[in-house]
Structure formats: structure tokens, C-alpha cells
Enquirer: 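I have a structure here, written as C-alpha cells, and I will follow up with some questions on it.
Everything numeric here is computed off the predicted structure, so don't read it as measured data. Residue indices begin at 1 and follow the sequence shown. All heavy atoms count here, side chains included; hydrogens, waters and symmetry mates do not.
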Amino acid sequence: MEKISGAEALMRSLEHEGVDVLFGYPGGAIMPTYDALYDHKNTLNHVLVRHEQGAVHAAQGYARVSGKVGCVIVTSGPGAMNTITGIADAMIDSTPLVVICGQVGAAMLGTDAFQEVDVVGVTQPISKWNYQIRRAEDIAWAVARAFYIAKSGRPGPVVLDFTKNAQTAMIEYEPQVVDFIRSYKPVPQCEPDVIAKAAQLINDSVKPFMLVGQGVELAGANEELLALCEKAQIPFATTFLGLSAAPSDHPLNMGRLGMHGNLAPNVMTNQCDVLIAVGMRFDDRVTGNLKTYAKQARIIHFEIDPSEIDKNVKVDIPVLGNCKQTLAEVSKLVVPTKHDAWISGFAPYADKENNKVIEPALHPSEGPILMGEVIRKVSDASGNEAIMVTDVGQNQMFACRYFKFTKPRSVVTSGGCGTMGFGIPAAMGACYGAPDRTVCMFAGDGGLQMTIQEFGCIMEHQIPVKMILLNNNFLGNVRQWQYMFFDKRYSFTPMTNPDYELIAKGYGIPCRTVVDRKDLDEAIREMLETKGPYLLQVAVKEEDNILPMTPPGGNVDEMLLEIN
């Protein structure tokens with residue numbers, strides 16, 4: 001057999017796994033790999049980011065919209081350490097990644113060599129699996145195993161620490177396939193009697209309510225979800241990451257759960273008799289005070305990860321397995337039912353929120369431009385078909401409230417980690433993951449500056465991301481909490497901002513600033529019709545507040561519709 005370098009073996013292994021895009025940044029310890037990549041430019045499209053954190057977030061955006069594994073290549077030491085935030089973000093949000101880090105030669109490990117860091121030790125708590133490749137002979141096996149673990153079961157990030165000697169050694173290469181690991185059971189089996197018990201509980205319910213999480217999207221179970229809900233007339237609401245699991249205008253879709261979700265689903269959580277959770281983890285931002293959360297309800301939990309069962313909320317029937325399969329099995333046993341009276345009970349709360357919060361946010365009669373109206377106008381102008389990417393903060397909360405969805409895999413946001421700076425690079429990755437779709441990224445002036453260097457990557461590759469900067473000259477979310485809980489003491493939340501138009505011009509990115517409401521529609525049209533990237537800066541109300549809101553630690557059914 002032909003002998004090739006370990007670096008070349010890595011390239012062929014990535015091609016064997018179907019990788020088409022790599023996000024990365026070269027450096028000393030990964031240089032042999034980048035040299036090999038030079039000869040694979042036609043098959044492995046490498047996107048040179050401007051910071052390693054951007055590489056991981058871009059890979060996350062790519063993975064979330066495509067359903068594939070995102071792939072990252074960086075160097076050792078600071079290069080590897082700059083990926084940590086993104087790896088942790090991907091872990092808690094169940095995003096499949098393979099992050100390949102250069103490392104010093106095996107003979108120098110433990111000597112504090114130049115740019116040596118214990119990547120395996122650092123990333124072990126925040127990755128699904130990690131492994132240090134010390135021999136070139138292990139490359140094919142390690143890569144195959146890494147991709148299998150990253151994408152199977154509950155997805156997550158995998159880290160490969162690639163020593164320099166393994167990159168340069170010569171070996172005979174043969175690709176490998178890993179589809180079974182003895183100690184690893186990615187999809188637990190669900191017993192038929194559990195399926196039957198879950199179906200019976202649903203059949204006996206008078207006031208069923210379903211909580212829909214990102215697990216539905218990850219499993220591709222969108223059709224199975226709606227089939228069950230429509231057959232048994234089960235109203236549902238979504239989590240943050242599950243927003244596009246069902247169309248926003250579906251008659252059984254009651255909105256979003258959680259701290260800044262909709263009033264009706266939060267209140268009705270504490271009135272239902274059967275609570276059905278699908279692919280969600282009962283995050284504290286969804287449950288509020290656990291001592292009062294859904295105590296009246298019997299709870300069914302569809303979940304692929306056994307560690308999530310009873311972790312936060314004690315459940316009556318755990319339905320383990322891939323929800324694409326388990327939802328379908330339960331649906332077979334469910335009796336067609338009507339719950340008209342129960343469903344109509346959501347309307348008064350929805351009307352109350354609409355009159356008190358939504359209409360004033362979307363159709364203000366005067367005053368400064370509001371975030372909500374900008375987001376809804378962008379959504380409407382895209383036909384509600386765009387991929388929504390957000391940064392973190394008020395821009396994120398408003399976007400998830402007022403953007404509308406008609407297609408699955410349309411939400412890319414940082415959920416469990418809440419990573420400011422996520423927006424720009426994640427939107428870049430989403431453009432590569434779904435090149436035929438429009439990608440609209442919403443950011444505040446704080447988060448935008450955290451990864452604004454990626455304007456360089458956008459410029460170089462002409463990535464067609466539509467960036468909407470909601471500029472309120474504040475770290476808005478922190479300011480709101482200071483307003484509500486810290487006696488309006490705005491400690492280091494006002495922002496002195498640069499000239500974003502001038503910055504965009506320096507990167508060759510078209511930009512327009514809107515201050516007057518009358519110019520907003522035309523500016524949005526111009527942005528969406530412009531080929532390539534675009535930055536739309538909108539001067540929004542400085543002290544706007546995102547409502548409704550359940551105060552931290554508060555009861556889920558006691559949401560604030562206004563604050564004094």
C-alpha cells in the first residue's frame with residue numbers, strides 16, 4: 001500500500017466522513033495538516049476565520065441548520081484554548097462538532113513546551129468525547145470514532161488533540177467505519193409497555209399539554225410531533241431552541257415557554273393534567289420555581305439521554321429513545337380526541353398579552369423605533385422563511401418572540417451557555433450549511449463587538465449574511481435587570497460605540513443606518529435584495545424592556561406584563 005503522512009491521512013479521513021467545509025485558523029503545531037490541506041482545496045472548503053472562537057461558533061451554525069457534523073481545525077496552546085467557549089456552548093446545546101487541535105510532539109508532552117496545553121484535560125468536562133492522537137496509525141480509527149460519537153444519540157462536541165509527530169509520520173492508510181462501540185449505547189431501547197402507558201395516559205387526559213424542545217429538530221421528528229398533536233388535539237409550546245420544530249402559525253402552537261416566553265403556555269403549564277415533554281431538559285429558564293412547577297400534572301418525558309430523566313423534574317413515565325420513533329409508536333395507540341374547551345382556555349391569556357405587550361411592541365404610534373417591530377418586519381419581508389440567528393441579550397429575546405417560522409432548522413441561537421459574540425460567526429456557518437436560504441442575524445451593540453473581527457472573514461468569502469444591529473447604546477439585558485432588581489443603578493452597562501458604518505465600509509460590507517421609522521421598510525427591502533453581506537444598523541429605544549417576564553426563581557405562571 002502507498003505510504004502517506006498522518007496529516008494526509010487526516011484529510012482522507014475527513015473526506016471519507018463526508019466533510020465539505022472546515023472552519024479554522026493555522027499555527028505552528030498544526031502546520032503539517034494545513035500543508036496537506038493545500039492539496040485538498042477542491043474537496044475540503046476551508047474557511048479562514050479571524051479568531052478560533054469564531055471557528056467553533058461557525059461550525060455550530062453550520063451543524064444546526066444542515067444536520068451534519070461541524071468541523072474545526074486549529075493549532076495548539078492559545079489556538080486550542082480559544083475554542084473552549086464554543087465547545088462548552090455546543091455541549092450544552094447538543095450540537096455535533098469535531099474540533100481538531102494541533103499539539104506538540106508526543107516526546108515533548110508534559111515539558112511545558114512552547115504552546116503546549118493539556119487540551120484533553122481541559123476539554124474533558126465540556127465534550128462528549130476527547131482523545132489525543134499520538135500515533136499516525138490511530139488517525140483513521142480516531143476520526144471515524146469521533147464523527148460517530150458526535151452525531152449519534154444526543155449529539156455533542158468531540159475533541160481530537162493531534163500531536164505533531166502523528167501528523168508527520170508516514171503510514172499505510174485505510175479508511176475505517178465506526179458504527180458500534182461496545183460501551184456506548186447512543187439510543188436507549190424503549191419497552192412496549194412504556195409506550196402503552198404513555199398512550200393510555202394521553203388518552204385519559206382532559207387537559208394535555210406538550211413542551212417541544214430541540215430534540216424534535218435533532219431527531220427530524222417534526223412530522224411525527226404534529227401527527228400526534230393533531231390526532232389527540234394536544235396544544236403545545238416550544239422551548240428557545242425548539243422554536244422552528246413546528247410552524248409558528250399552527251393552530252395548536254401556543255407560543256414559547258420560559259422566562260421571556262408567552263403568557264398563555266406558561267400559565268397553562270400549571271393547569272394541565274398531563275404534561276408531555278419532548279426532547280427538552282426542563283431548564284431553569286423554562287421551569288422557574290421547581291417547587292411550584294406543574295405539581296398538578298402527570299408528566300411524560302420523551303428523551304434520548306437517560307441522564308436527563310428526573311434530573312430537574314420528577315416524571316411519571318420516561319419514554320426513552322429517539323423521539324422520531326417513540327412519538328410514532330405512541331401515536332399509533334392514541335385515540336383521536338377533541339379538547340376544544342381546554343384549548344380555548346389559552347385564548348384569554350393570549351389576548352391579554354397581545355393587548356398589553358405585543359401590539360404596543362409591533363405597532364407603536366410614536367417614539368423611538370422598537371426592537372420588536374424591526375424583527376417582525378424582517379421576518380415578514382422574508383416570507384417567514386429565513387433562518388434566524390441571534391447573538392445573546394435583549395436582541396435574542398425579542399428575536400425569539402417576534403420572528404416567525406415556517407421551516408424546520410431555522411433557529412440558531414446560544415441557549416444554555418448564553419454566549420455573547422455567538423451571532424456573527426454562527427450566521428457565517430449557517431450560510432454554508434444552508435446556502436439556498438436567507439440568513440438573518442440579529443445582534444446588539446455589545447455582542448457584535450465581541451466577534452466583529454469576523455467581518456474580515458465575511459469580506460474575504462463574501463458570505464451573504466444579513467446582519468441587523470439593534471443599537472440601543474446599552475448592554476440591554478443587564479441594564480433591564482439593573483432597572484428591575486438593582487434600583488436602576490446602571491453599573492457599566494451604557495456603551496460608547498464606534499461608527500459601525502465606517503467599520504463596515506472598511507471591510508467592504510454595504511451598510512445603512514435607520515433612525516426614523518419611515519425609512520425602515522425600504523432599508524429592510526434593500527438589505528434582503530442586496531447580493532452578498534449587508535449590515536443594517538437600527539437606532540432603537542435605549543431603555544426598552546423585554547416582556548412578559550418571569551422574575552428569576554419566580555413561579556412560571558406569575559409573569560410580569562409590565563414593570564414600573
Side-chain angles (χ1 to χ4, degrees), residues 4-24 30 33-34 36-49 55-74 83 86-87 90 94-101 127-131 133 136 138-160 162 167 171 173-181 184 186-187 217-220 322 324 387 408-409 412 425-426 428-437 439 461 463:
I4 60 173
S5 71
E8 176 64 22
L10 174 64
M11 297 299 105
R12 297 189 189 185
S13 295
L14 294 178
E15 290 171 345
H16 184 68
E17 293 294 335
V19 174
D20 54 2
V21 180
L22 302 169
F23 301 94
I30 199 68
T33 291
Y34 268 85
L37 181 58
Y38 189 84
D39 295 323
H40 292 260
K41 289 185 289 186
N42 293 331
T43 54
L44 296 171
N45 180 18
H46 181 271
V47 180
L48 178 65
V49 297
V56 188
H57 292 330
Q60 287 178 271
Y62 170 88
R64 294 268 280 273
V65 302
S66 69
K68 301 177 182 179
V69 178
C71 195
V72 174
I73 297 183
V74 298
T83 67
I87 294 169
S94 305
T95 305
L97 302 180
V98 171
V99 179
I100 301 164
C101 305
S127 60
K128 194 175 176 185
W129 181 64
N130 64 12
Y131 181 76
I133 304 174
D138 296 332
I139 292 169
W141 167 84
V143 171
R145 186 180 176 102
F147 275 83
Y148 173 63
I149 292 174
K151 65 188 177 184
S152 58
R154 181 180 181 175
V158 170
V159 177
L160 294 177
F162 197 13
Q167 297 174 53
I171 56 165
Y173 169 78
E174 186 174 352
Q176 291 195 22
V177 174
V178 172
D179 55 15
F180 171 78
I181 299 172
Y184 172 58
V187 182
E217 295 265 59
L218 296 175
N322 186 311
K324 186 175 181 66
I387 292 170
R409 290 194 177 272
V412 182
M428 290 166 16
C431 288
Y432 282 96
D436 297 329
R437 298 186 63 188
V439 175
H461 298 279
I463 303 172

Enquirer: CD1 of I30 to SG of C101: how many Å apart, nearest 0.5 Å?
Expert: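 So the CD1 of I30 and the SG of C101 are separated by 8.0 Å.
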Enquirer: Which pair of heavy atoms, one from A140 and one from S13, lies closest together, and at what distance?
Expert: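 The pair with the smallest heavy-atom distance is CA-OG, 3.7 Å.
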Enquirer: Do any N or O atoms from the side chain of K128 and from the backbone of V158 form a donor-acceptor pair under 3.5 angstrom?
Expert: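 The answer is no, because no donor-acceptor pair under 3.5 Å joins these two groups.
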Enquirer: Given side-chain hydrogen bond (donor to acceptor under 3.5 Å, both in side chains), test Y432 with S66 step by step and report yes or no.
Expert: CA-CA 9 Å; Y432 282 96; S66 69; over 6 Å; no
Enquirer: Looking only at non-hydrogen atoms, find the nearest pair between V412 and G61 and report the distance.
Expert: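 Answer, listing the atom of V412 first, then G61: CG1-CA, 4.0 Å.
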Enquirer: Please report the closest heavy-atom contact between G433 and P435, naming both atoms and the distance.
Expert: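 What the structure gives for the nearest pair is C-CD, 3.6 Å.
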Enquirer: Flag the pair I73 / F162 as yes when at least one side-chain heavy-atom distance between them is below 4.5 Å, and no otherwise.
Expert: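 They are not in side-chain contact.
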Enquirer: Please determine which of V69, D20, T95 meets the side-chain contact (heavy atoms from CB on, under 4.5 Å) test together with Y62.
Expert: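 Filter result, single survivor: D20.
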Enquirer: Using modelled atom types and a 3.5 Å cut-off, is there a donor and acceptor pairing between side-chain atoms of R409 and backbone atoms of R64?
Expert: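 Yes; at least one donor-acceptor contact below 3.5 Å.
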Enquirer: Quick one, L37 and L44 - any side-chain contact, counting heavy atoms below 4.5 Å?
Expert: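 Yes, close enough: below the 4.5 Å cut-off.
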Enquirer: To the nearest 0.5 Å, what is the distance between CD1 on I87 and OG on S127?
Expert: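 Between atom CD1 of I87 and atom OG of S127 there are 7.0 Å.
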Enquirer: Could you tell me which non-hydrogen atom of F23 sits nearest to which non-hydrogen atom of G429, and how far apart they are?
Expert: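 In this case the closest contact between F23 and G429 is CZ-CA, 4.0 Å.
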Enquirer: Do side-chain atoms of Y131 reach the backbone of L160 as a donor and acceptor pair under 3.5 angstrom?
Expert: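 Judged by distance alone, no pair lies under 3.5 Å.
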Enquirer: Taking atom CD of E17 and atom NZ of K151, what is their separation to the nearest 0.5 Å?
Expert: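 Taking CD in E17 and NZ in K151, the distance rounds to 5.5 Å.
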Enquirer: Begin with the C-alpha distance, continue with both residues' side-chain angles, and end with the deciding distance and a verdict on side chain to side chain contact (heavy atoms under 4.5 Å, CB included) for L14 and L22.
Expert: CA-CA 10 Å; L14 294 178; L22 302 169; 4.0 Å; yes
Enquirer: Please test L97 against C71 for side chain to side chain contact (heavy atoms under 4.5 Å, CB included), starting from the C-alpha separation and ending with a verdict.
Expert: CA-CA 6 Å; L97 302 180; C71 195; over 6 Å; no
Enquirer: Got H16 and V177 here, is their nearest side-chain heavy-atom distance under 4.5 Å?
Expert: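 Side-chain contact under 4.5 Å: yes.
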Enquirer: Kindly determine whether Y34 and H46 satisfy ring-ring contact (aromatic ring centres under 6.0 Å, His included), including the steps that lead there.
Expert: CA-CA 10 Å; Y34 268 85; H46 181 271; 5.1 Å; yes
Enquirer: We want to know whether H40 and E8 form a side-chain donor-acceptor pair, criterion being a heavy-atom distance below 3.5 angstrom.
Expert: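 Short answer, yes.
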Enquirer: Report yes or no: is the cationic atom of K41 (NZ for Lys, CZ for Arg) closer than 6.0 Å to the six-membered ring centre of Y38, at no more than 45° off its axis?
Expert: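 Pair K41/Y38 counts as cation-pi.
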Enquirer: Looking at side-chain heavy atoms only, is the closest gap between V439 and M428 below 4.5 Å?
Expert: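 V439 does not reach M428 side chain to side chain.
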Enquirer: Is a side-chain donor or acceptor of Q167 paired with a backbone partner of T33 at a separation under 3.5 angstrom?
Expert: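 Yes, the answer is positive, given that a donor and an acceptor are paired below the 3.5 Å cut-off.
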Enquirer: Suppose we screen for salt bridge (Lys or Arg N to Asp or Glu O under 4.0 Å). Which residues come up paired with R154, at least two apart in sequence or across chains?
Expert: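 Checked R154 against salt bridge (Lys or Arg N to Asp or Glu O under 4.0 Å); matches are D305, E308.
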Enquirer: I100 versus V74: any side-chain heavy-atom pair under 4.5 Å?
Expert: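 Counting from C-beta outward, I100 and V74 never come under 4.5 Å.
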Enquirer: Starting at CE of M11, measure out to CD1 of I139 and round the result to the nearest 0.5 Å.
Expert: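 Rounded to the nearest 0.5 Å, the CE-CD1 separation comes to 9.5 Å.
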Enquirer: Please name the pair of heavy atoms, one in I149 and one in Y184, separated by the smallest distance, quoted to 0.1 Å.
Expert: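 Answer, listing the atom of I149 first, then Y184: O-OH, 3.6 Å.
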Enquirer: Please give me the minimum heavy-atom distance between A136 and I171, naming the atom from each residue.
Expert: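 Looks like O-CD1, 3.2 Å.
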Enquirer: Is there a side-chain contact between Y173 and P175 in this structure, where contact means two heavy atoms from C-beta onward sitting under 4.5 Å apart?
Expert: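 Contact flag for Y173/P175 side chains = yes.
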Enquirer: Is the shortest side-chain heavy-atom distance between L218 and S94 below 4.5 Å?
Expert: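 A side-chain contact exists here, since the closest heavy-atom pair is under 4.5 Å.
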Enquirer: What pairs with R437 under salt bridge (Lys or Arg N to Asp or Glu O under 4.0 Å), at least two apart in sequence or on another chain?
Expert: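 So R437 forms no salt bridge (Lys or Arg N to Asp or Glu O under 4.0 Å) with any residue.
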Enquirer: When you compare the side chain of Y148 with that of P186, does any pair of heavy atoms fall below 4.5 Å?
Expert: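 The answer is yes; the side chains approach within 4.5 Å.
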